[in-house]
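Everything below concerns the one structure shown next.
Scope of the values below: all heavy atoms of this structure, side chains included, with no hydrogens, waters or symmetry mates. Chain letters run A, B, ... following the sequence lines, proteins first, then strands; residues in each count from 1.
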2 protein chains.
Amino acid sequence: MEERHAIQTSVDPVIFTVFDGQLHTLVVKRTIEPYKGCWSLPGGLVDTEQDLDLHSAALRKLKEKTNVAAPYLEQVETVGSASRDPRGWSVTVVYYALMPRPEIALAATHGASEVRWEPVTDGTAAIPLAFDHEKLVRLALERLRAKVGYTSVAVHLLPEPFTFLDIQHIHEVILGRKVEKKSLMRRYLGSGVIEEAQGARKEGRMRPAQLYRLKDRRTIHYFTRTMEGPREE
Amino acid sequence: MEERHAIQTSVDPVIFTVFDGQLHTLVVKRTIEPYKGCWSLPGGLVDTEQDLDLHSAALRKLKEKTNVAAPYLEQVETVGSASRDPRGWSVTVVYYALMPRPEIALAATHGASEVRWEPVTDGTAAIPLAFDHEKLVRLALERLRAKVGYTSVAVHLLPEPFTFLDIQHIHEVILGRKVEKKSLMRRYLGSGVIEEAQGARKEGRMRPAQLYRLKDRRTIHYFTRTMEGPREE
DNA sequence: AAAATAGTGTCTCTAAGACAATATGCG
DNA sequence: CGCATATTGTCTTAGAGACACTATTTT
């Protein structure tokens, strides 16, 4: 009876950050079988002795690999089947986390001989990943893309303070298309999710841009319309 | 090592249907400890010997209690902690299912001495439920309400064929407020999710209403705006 | 024709797309 | 001043809310 119902349960955070004009996700090299030597998501089994709940299990994994304690973290979906792990039935709870690049101090510890940022291009990571982790990345990316269209979630990828050009870039990188800065200004200024920060940033010999910061790093704002992209002909 | 990571895993479907002008959810009476004799969601442990994956585990539970094989079924969220079950760490994957009332043949089997439809009023079921099931119902209802505002999901609660008055009623029951029928007609006629069915329905001595049916009982349509409700003053 | 609901017309409003017109700070 | 980018103005458009008006049956 017991062994029919007790299931290997893990959390798999898909950690997104943006640099070099591209979305990246954190992968670690596996040091044990199965898939030894393959890259995989920085997840792992829930530990019933140290984790109080699923959310804190995900936070623990994040902390171990990136040393970031409180990023934006959201549950995506739970995948479980008899076939996804060769050792038998398993369940994994997929999260995605957004963190500004500068805050991250990668740590190669806890059984991950290597930790690395892998670019996420059209749909998935460029290199093959262990288990069904490519599918998990795709699930997380789909959720992120959808949510960027009708919430303020994208700005959680930006280090503070940021400009509207930064906001525009981050949207364009995630969605993979041009976005009207005017629309973003209407949204972000009208919703009160950001506030002005001191100073301005000069990129060359042109007019400096106003700096902003998030008012609340824990929550996101829901807009009532989805950004639709360029008009059809 | 093993027992630190293998976790009791269940699926909990929150089954919604509408009758008597109210949203209802299916509850079953527990026949074993803990919470023996209490009402609970019609879920249960994933069985690694008969379930291939989580989704089919949820479908199995649904089939056992309602005899409906293919309703609209969507994963909501996964809740897991050391404290939600007195027996120790447990994880449950919450789903919500929508089914038209007439299709359901309740079955009192499989350890559920009683099965019953419980009205869901403002936020939760009227009676107390076992474990954290009231919270799970609330999660499912929040998801349903949000999704009704920007998708065609609500019509999956209707038996076919249906009229626009039916569509309007179902939206109003779920959202708990008046909805403009004109807006619904624009949405549903413009998106092509429904098609005309033969005949018309006469409610009394008035003009009969055109009948419609869903084109696709498996998918939902996403609109680009959220219905916002009455204008503010 | 009257009753009563079905379905249409259409006005207003909000926010997005598009892009022109200004504003600003620096060399 | 002139450059290069920042910010604002504003026109168009899609679709929601509101609600009056017309259509279609049965009695």
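Under the rule for a ring-ring contact (aromatic ring centres under 6.0 Å, His included), His55(A) has no partner lying at least two apart in sequence or in another chain. Residues satisfying the side chain to side chain contact (heavy atoms under 4.5 Å, CB included) criterion with Pro42(A), sequence neighbours excluded, are Ile15(A), Leu26(A), Val28(A), Lys65(A). Under the side chain to side chain contact (heavy atoms under 4.5 Å, CB included) criterion, Ser81(B) pairs with Asp53(A), Ser83(B), Arg84(B), not counting sequence neighbours. His171(B) pairs by the ring-ring contact (aromatic ring centres under 6.0 Å, His included) definition with Tyr188(B), not counting sequence neighbours. By the ring-ring contact (aromatic ring centres under 6.0 Å, His included) test, Phe131(B) pairs with Tyr35(B), His133(B), sequence neighbours left out. For His169(B), the side chain to side chain contact (heavy atoms under 4.5 Å, CB included) test picks out Leu165(B), Glu172(B), with sequence neighbours left out. For Met206(A), the side chain to side chain contact (heavy atoms under 4.5 Å, CB included) partners two or more places apart in sequence, or in a different chain, are Glu203(A).
Rounding to whole angstrom units, CZ of residue Arg225(B) and P of dA14(D) are separated by 10 Å. The CG-C1' distance, from Asp166(A) to dA6(D), rounds to 13 Å in whole Å. Nucleotide dG7(C) holds its C1' atom 12 Å from the CD atom of Gln168(B), rounded to whole Å. Atom pair His171(A):NE2 and dG17(C):C1' shows a separation of 15 Å (rounding to whole Å applied). Residue Gln210(A) contributes atom CD, which lies 11 Å from atom C1' of dA6(D) at whole-angstrom precision. If you take NE2 of His169(B) and P of dT5(C), they are 10 Å apart, rounded to a whole angstrom. Taking atom CE of residue Met227(B) and atom P of nucleotide dT14(C), one finds them 19 Å apart after rounding to whole Å. Distance, Glu196(A) CD to dA6(D) C1': 13 Å, rounded to whole Å.
If you check residues 172-188 of chain B against DNA chain C, the residues with a heavy atom closer than 4.0 Å are Lys181(B), Lys182(B), Met185(B), Arg186(B), listed by number. Of the residues in residues 147-155 of chain B, none has a non-hydrogen atom less than 4.0 angstrom from any atom of DNA chain C.
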Quick tally for nucleotides 20-27 of chain C: nucleotides whose base has a protein heavy atom under 4.0 Å get B, sugar-phosphate-only ones S, the rest -, giving ---BBB--
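Side-chain atoms of Gln210(B) come within 3.5 Å of backbone N or O of Ala197(B) as a donor-acceptor pair.
Under 4.0 Å is where a charged nitrogen must lie from a carboxylate oxygen, and between Arg138(A) and Glu142(A) no such pair does.
As judged by a 4.0 angstrom heavy-atom cut-off over every strand, Gly190(A) is placed among residues making no nucleic acid contact.
Among pairs with a residue in residues 208-217 of chain A, those fulfilling salt bridge (Lys or Arg N to Asp or Glu O under 4.0 Å) read Glu160(A)-Arg217(A), Glu195(A)-Arg213(A), at least two apart in sequence or across chains. Residues in residues 147-158 of chain A take part in these salt bridge (Lys or Arg N to Asp or Glu O under 4.0 Å) pairs, two or more places apart or across chains: Glu74(A)-Lys147(A).
Mapped onto DNA chain D by nearest heavy atom, Glu228(A) and Leu189(A) fall at different nucleotides, with Leu189(A) at the one closer to the 5' end. Map Ala209(B) and Phe223(A) each onto its nearest nucleotide of DNA chain C; the residue landing nearer the 5' end is Ala209(B).
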